[in-house]
Amino acid sequence: MISSLENKTRRRPRLIRTLTDGDLPLVGSTHSGEGDNQLLDSYSKTIAAVVNRVAPSVVNIRVLSGERGQGGGSGFIIARDGFILTNSHVVSGAREIEVALHDGRVVSANLIGTDPETDLAVIRIDAPDLQHARLADSSGIRVGQIAIAVGSPYGFQQTVTAGIVSALGRSMRAESGRLMDEIIQTDAALNPGNSGGPLLNSAGEVIGVNTAVILPAQGICFAIASNTAHFVAGWLVKDGRIRRSSIGVAGQNVQLHPRVVRFHKLPADRGVLVMELDPGSPAVIAGLQKGDTIVGFKGHPIETIDDLHKQLVASEIGAPSPIMFLRGTEKLFRMIVPRELPIAQPLRRKHFNQRTK
């Protein structure tokens, strides 16, 4: 027995030497390192391929005289005939716009249309040999996928940053104060000047239009989804603006008394308190009064002002629609005919500084 133990003891150092000599595969060996290098090389190749494909369509926009004086941002060509998509706040109030192309050409641009409600705008240049970017279907985006941003932060043209899609379905306020939905959150670094540039997937397709960052934070950046951009750009090219409807009220989100909710069997415990009414507005014509609380529109519950905005789309212009509201403890119904909303005037704010709701 003693002899057997001695033999085991004697063999133990040999076993240790065997392991340290690399005779057996160990975690963290050179084989694993080679795999990491291959992954990093594949990632680098993907980023480089995307940049090579899309860079010719990304432009630097210079606003020579606008509401904020000289400024600018980024944009990208969406059609071979010179249409460029960018942010509304980049070209807001511009009287003269210049576009610097990938190949060094500098050409003047005309403003086709802006939509402050979604912070998108379309400008156009007249130049040959243009390469356009392709808009992807943003409904297929997944959290965690590669996100690549190309733009001109602080005037440094063709700057590339990469990260991932951090979250989907965010909401944020546009320049006009209206809520924008389906916003993409990414950690791809964005800075002033990236506004209006493309956010790309690994196939080199545009999944979003970079629009804002939260300045005190690190790696919290936002982009307007490509499906929204596709819809808005189409209407801006066609009509120069997006049509929306209005009923002419200024409201405030309020909590409803639980007894009122139970008595009227309301689907929600919040509504929109009417604070002001425009003279001669659809709301006045329909019989709404200051102090009423809107709780429904066309069968949809209205809990907030944003809920009401979502229902007041272009198709509602001139169309009679039922509206439900509370007056005291009484529940009333009226037919209301929304009118076309005048073109929104942007609110003044710090460039490239938005906060989410």
Side-chain angles (χ1 to χ4, degrees), residues 67 88-89 92-93 114-120 171-181 183 212 232 241-261 263-350 353-357:
E67 290 182 351
S88 172
H89 74 259
S92 177
T114 65
D115 183 37
E117 309 284 11
T118 56
D119 195 20
L120 291 171
S171 297
M172 63 184 296
R173 295 289 171 185
E175 287 188 321
S176 65
R178 197 183 186 105
L179 191 70
M180 297 189 296
D181 294 318
I183 298 295
V232 172
R241 63 190 180 94
I242 300 292
R243 300 180 69 203
R244 294 182 176 88
S245 58
S246 168
I247 60 174
V249 301
Q252 176 182 326
N253 302 335
V254 293
Q255 191 80 23
L256 302 177
H257 195 286
R259 291 183 179 178
V260 175
V261 175
F263 181 79
H264 292 297
K265 298 180 180 179
L266 299 176
D269 61 355
R270 293 189 299 168
V272 175
L273 177 65
V274 177
M275 304 295 291
E276 300 289 342
L277 297 100
D278 294 339
S281 66
V284 171
I285 295 173
L288 269 74
Q289 299 175 7
K290 185 176 179 180
D292 291 343
T293 302
I294 301 172
V295 293
F297 183 84
K298 292 192 71 173
H300 299 279
I302 301 298
E303 299 183 53
T304 66
I305 295 172
D306 297 317
D307 292 337
L308 187 58
H309 283 164
K310 291 175 184 178
Q311 298 301 321
L312 294 173
V313 294
S315 60
E316 296 299 325
I317 299 174
S321 303
I323 189 169
M324 179 173 65
F325 58 95
L326 302 176
R327 180 171 293 166
T329 58
E330 187 179 6
K331 182 171 68 174
L332 302 173
F333 292 87
R334 294 286 190 274
M335 295 299 293
I336 193 168
V337 183
R339 66 186 181 190
E340 186 168 355
L341 180 70
I343 297 175
Q345 296 300 319
L347 299 176
R348 292 189 177 276
R349 64 170 172 84
K350 270 191 174 182
N353 181 17
Q354 286 275 10
R355 294 183 180 274
T356 58
K357 179 186 177 184

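Side chains included, hydrogens not; waters and symmetry mates left out as well; all remaining heavy atoms used. Owing to the predicted nature of the structure, the values given are computational and were not obtained by experimental measurement.
At a threshold of 4.0 Å, the pair Asp278-Arg339 counts as salt-bridged, since one of the basic side-chain nitrogens sits closer than that to a carboxylate oxygen. Using a 4.0 Å cut-off between charged side-chain N and carboxylate O, Arg241 and Glu340 make a salt bridge. Salt bridge annotation for Arg173-Asp119: absent, with no cationic side-chain nitrogen under 4.0 angstrom from a carboxylate oxygen. Comment: Asp115 engages Arg244 in a salt bridge, judged by a side-chain N to carboxylate O separation of less than 4.0 angstrom.
Here the OG-CD1 distance, from Ser246 to Ile317, works out to 10.0 Å after rounding to the nearest 0.5 Å. Expressed to the nearest 0.5 Å, how far CG of Leu332 lies from CG of Asp292 amounts to 7.0 Å. With rounding to the nearest 0.5 angstrom, the NE2 atom of His264 is 9.5 Å from the CE atom of Met324. From Leu312, atom CG reaches atom CG of Leu341 across 8.5 Å, with rounding to the nearest 0.5 Å. To the nearest 0.5 Å, the span separating CE on Met180 from CE on Met172 amounts to 4.5 Å. To the nearest 0.5 Å, the span separating CD1 on Ile183 from OG1 on Thr118 amounts to 9.0 Å.
Residues Val337 and Ile285 have side chains not in contact (no heavy-atom distance under 4.5 Å, counting atoms from C-beta outward). In this structure, the side chains of Gln311 and Glu316 stay at 4.5 Å or more apart for every pair of heavy atoms. Side-chain contact between Leu326 and Ile294 is absent, with no heavy-atom pair separated by less than 4.5 Å. Contact of the Val272 side chain with the Asn253 side chain is registered, since non-hydrogen atoms from C-beta on lie closer than 4.5 Å. In this structure, Phe263 and Pro258 have side chains that are not in contact, with every pair of non-hydrogen atoms separated by 4.5 Å or more. Residues Lys331 and Phe333 are in side-chain contact: their nearest non-hydrogen atoms beyond the backbone lie under 4.5 Å apart.
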Query - Test side-chain contact (heavy atoms from CB on, under 4.5 Å) applied to Phe325 and Thr293, step by step - result: CA-CA 5 Å; Phe325 58 95; Thr293 302; 5.9 Å; no

Query raised in the report: Given the rule in the side-chain contact (heavy atoms from CB on, under 4.5 Å) test, do Asp181 and Lys310 qualify, once you have shown the distances and angles that lead to the verdict?
Result: CA-CA 10 Å; Asp181 294 318; Lys310 291 175 184 178; 2.9 Å; yes

Report task. Assess whether side-chain contact (heavy atoms from CB on, under 4.5 Å) is satisfied between His309 and Glu117, documenting all intermediate values. Result -> CA-CA 11 Å; His309 283 164; Glu117 309 284 11; over 6 Å; no

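Closest of all the heavy-atom pairs between Pro282 and Ile247 is CD-O, 3.6 Å. Gly296 and Ile323 get closest at one heavy-atom pair: O-CG1, 3.4 Å. Across all their heavy atoms, Lys290 and Met275 have their closest contact at CE-O, 3.0 Å. Ser245 approaches Val313 most closely through the heavy-atom pair OG-O, 2.9 Å. For Pro301 against Pro267, the heavy-atom pair with the smallest separation is CB-CG, 3.7 Å.
Although no hydrogens or angles enter the test, the distance criterion places a donor-acceptor pair under 3.5 Å between the side chain of Asp307 and the main chain of Glu303. Remark: the backbone N or O of Thr114 is not paired with any side-chain donor or acceptor of Ser88 at under 3.5 angstrom. Looking at His257, its side chain does come within 3.5 Å of a backbone N or O of Arg259 through a donor-acceptor pair. Within the 3.5 Å criterion, the main-chain N or O of Leu308 finds no donor-acceptor partner in the side chain of His300. Using modelled atom types, no side-chain atom of Thr304 and backbone atom of Ile302 make a donor-acceptor pair closer than 3.5 Å.
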